Amino acid sequence: MIQFTVYGEPVAQGRPRASTFHGKVQMYDPQKSKDFKKYVQLVASQHRPAQLLEGPLKLTVRVFKPTLKSFSKKKAAAAEEGTLRPTTKPDVDNYVKGVKDALKQVIWVDDSQVVDLSVSKFYSATPRVEVTVETMELQQIQLSI
């Protein structure tokens, strides 16, 4: 099992941008998404396995967005203990896209290896993204079928 925490405000994967150069269309990531992916890669590289993980993987991502300044003390306390959860945009899948892209060739060979995925959004005074990667045994996969 590999676990690590990326401290700082989580960034959702932005929509790809397009530009034309010498008559050809080029697609690229928005700068904010690109920077966040590099930061996740840097943190993940400190937990890099001796050999890239192969086979089916389980990925758990817990996104902690900053507590809103407009929250009352009661709301802020509920947010901290996890009873008040963010239902605002961006969607959880947009957060996980950037994380999965960043872990390719750092923790695992390819994103397609993730066969079990869990993503949750919370509020916290300490914004961060907690990532857990687990290898799945063949028996685990067969039991879930």
Side-chain angles (χ1 to χ4, degrees), residues 1-19 25-145:
M1 181 188 323
I2 297 172
Q3 286 184 301
F4 59 91
T5 302
V6 180
Y7 289 97
E9 190 165 341
V11 177
Q13 177 65 39
R15 296 210 181 271
R17 303 287 180 218
S19 66
V25 177
Q26 292 181 326
M27 302 297 285
Y28 62 93
D29 269 347
Q31 193 62 46
K32 196 172 181 182
S33 296
K34 200 175 187 177
D35 292 344
F36 183 70
K37 282 183 195 178
K38 283 186 178 179
Y39 180 44
V40 172
Q41 278 181 328
L42 178 68
V43 174
S45 67
Q46 296 168 356
H47 302 275
R48 166 182 271 164
Q51 214 173 8
L52 292 178
L53 299 178
E54 293 185 11
L57 301 171
K58 177 180 181 179
L59 176 64
T60 305
V61 178
R62 293 168 42 102
V63 177
F64 292 85
K65 295 176 66 166
T67 308
L68 300 178
K69 287 179 174 64
S70 62
F71 280 177
S72 64
K73 285 185 181 180
K74 187 177 178 182
K75 254 188 171 177
E80 251 338 287
E81 61 189 37
T83 54
L84 177 65
R85 305 269 298 268
T87 56
T88 57
K89 291 189 179 213
D91 304 344
V92 289
D93 53 323
N94 290 329
Y95 283 111
V96 83
K97 284 177 192 173
V99 172
K100 282 176 61 180
D101 287 348
L103 299 183
K104 182 178 177 180
Q105 296 298 316
V106 176
I107 301 292
W108 56 59
V109 178
D110 192 65
D111 302 358
S112 62
Q113 291 173 251
V114 177
V115 297
D116 194 343
L117 176 64
S118 175
V119 188
S120 308
K121 280 195 300 189
F122 300 92
Y123 285 117
S124 176
T126 310
R128 64 193 181 278
V129 177
E130 296 176 353
V131 180
T132 305
V133 182
E134 299 174 74
T135 57
M136 295 186 69
E137 301 299 323
L138 192 55
Q139 291 173 332
Q140 284 180 300
I141 297 167
Q142 288 175 342
L143 288 176
S144 63
I145 293 176

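Fair warning: this is a prediction, and the values are worked out from it, not measured in the lab.
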**Message:** Between Thr126 and Phe64, is the side chain to side chain contact (heavy atoms under 4.5 Å, CB included) condition met? List the steps.
**Reply:** CA-CA 7 Å; Thr126 310; Phe64 292 85; over 6 Å; no

**Message:** If you define the side chain from C-beta out and look only at heavy atoms, does anything of Val92 sit under 4.5 Å from Ser120?
**Reply:** no

**Request:** State, with a plain yes or no, whether a side-chain heavy atom of Val40 is found less than 4.5 Å away from one of Val131.
**Result:** no

**Message:** Using a 6.0 Å cut-off, check whether atom CD of Gln26 has over 12 heavy atoms from anything other than its own residue.
**Reply:** yes

**Request:** Evaluate the side chain to side chain contact (heavy atoms under 4.5 Å, CB included) criterion for residues Val129 and Tyr39: first the C-alpha distance (whole Å), next the side-chain angles of each, then the deciding distance (0.1 Å), finally the verdict.
**Result:** CA-CA 11 Å; Val129 177; Tyr39 180 44; over 6 Å; no

**Request:** To the nearest 0.5 angstrom, please state how far the OH atom of Tyr95 sits from the NZ atom of Lys121.
**Result:** 6.0 Å

**Prompt:** Is Val119 close to Asp93 at the side-chain level, that is, under 4.5 Å between some pair of heavy atoms?
**Reply:** no

**Prompt:** Could you state the interatomic distance from NZ (Lys100) to CG (Leu59), rounded to the nearest 0.5 Å?
**Reply:** 7.5 Å

**Item:** Test side chain to side chain contact (heavy atoms under 4.5 Å, CB included) applied to Thr87 and Arg85, step by step
**Value:** CA-CA 6 Å; Thr87 56; Arg85 305 269 298 268; 5.6 Å; no

**Asked** Are side-chain heavy atoms of Ser124 and Lys65 found at a separation under 4.5 Å?
**Response** no

**Request:** Of all the heavy-atom pairs spanning Val109 and Lys104, show the shortest one and how long it is.
**Result:** O-CG, 3.5 Å

**Request:** For the pair Asp35 and Lys37, evaluate side chain to side chain contact (heavy atoms under 4.5 Å, CB included) and give the outcome as yes or no after the intermediate values.
**Result:** CA-CA 5 Å; Asp35 292 344; Lys37 282 183 195 178; over 6 Å; no

**Prompt:** In chain order, what residues pass the side chain to side chain donor-acceptor pair (under 3.5 Å) check against Glu130, with sequence neighbours excluded?
**Reply:** Arg62, Arg128

**Item:** Check: Val106 main-chain N/O paired with Gln41 side-chain donor or acceptor under 3.5 Å
**Value:** no

**Message:** So His47 and Val133, do their side chains get closer than 4.5 Å, heavy atoms only?
**Reply:** no

**Request:** Could you tell me whether a side-chain N or O of Gln113 sits under 3.5 Å from a main-chain N or O of Leu53, the two making a donor and an acceptor?
**Result:** yes

**Asked** Would Gln13 and Asp29 count as having a side-chain donor-acceptor pair, cut-off 3.5 Å?
**Response** yes

**Fill in**
Here the pair of heavy atoms bringing Ser33 nearest to Gly14 is OG-N, 2.8 Å

**Prompt:** Are side-chain heavy atoms of Lys97 and Val99 found at a separation under 4.5 Å?
**Reply:** no

**Item:** Polar side-chain atom of Thr60 near backbone of Ser118 as donor-acceptor pair, under 3.5 Å
**Value:** no

**Asked** Ignoring hydrogens and geometry, is there a side-chain-to-backbone donor-acceptor pair from Tyr123 to Ala78 under 3.5 Å?
**Response** no

**Item:** Any side-chain heavy-atom pair of Phe71 and Leu84 under 4.5 Å
**Value:** yes

**Complete:** Of all heavy-atom pairs linking Pro127 and Pro10, the shortest is CB-CD, 4.1 Å

**Message:** Please check: side-chain N/O of Asp110 versus main-chain N/O of Ser112, any donor-acceptor pairing under 3.5 Å?
**Reply:** yes

**Asked** Are the side chains of Tyr7 and Val43 in touch, meaning some heavy atoms are under 4.5 Å apart?
**Response** no

**Message:** For the CG atom of Leu117 and the CG atom of Leu57, what is their distance to the nearest 0.5 Å?
**Reply:** 11.5 Å

**Asked** Can you pull the side-chain hydrogen bond (donor to acceptor under 3.5 Å, both in side chains) pairs that have at least one residue in residues 66-76, sequence neighbours excluded?
**Response** none

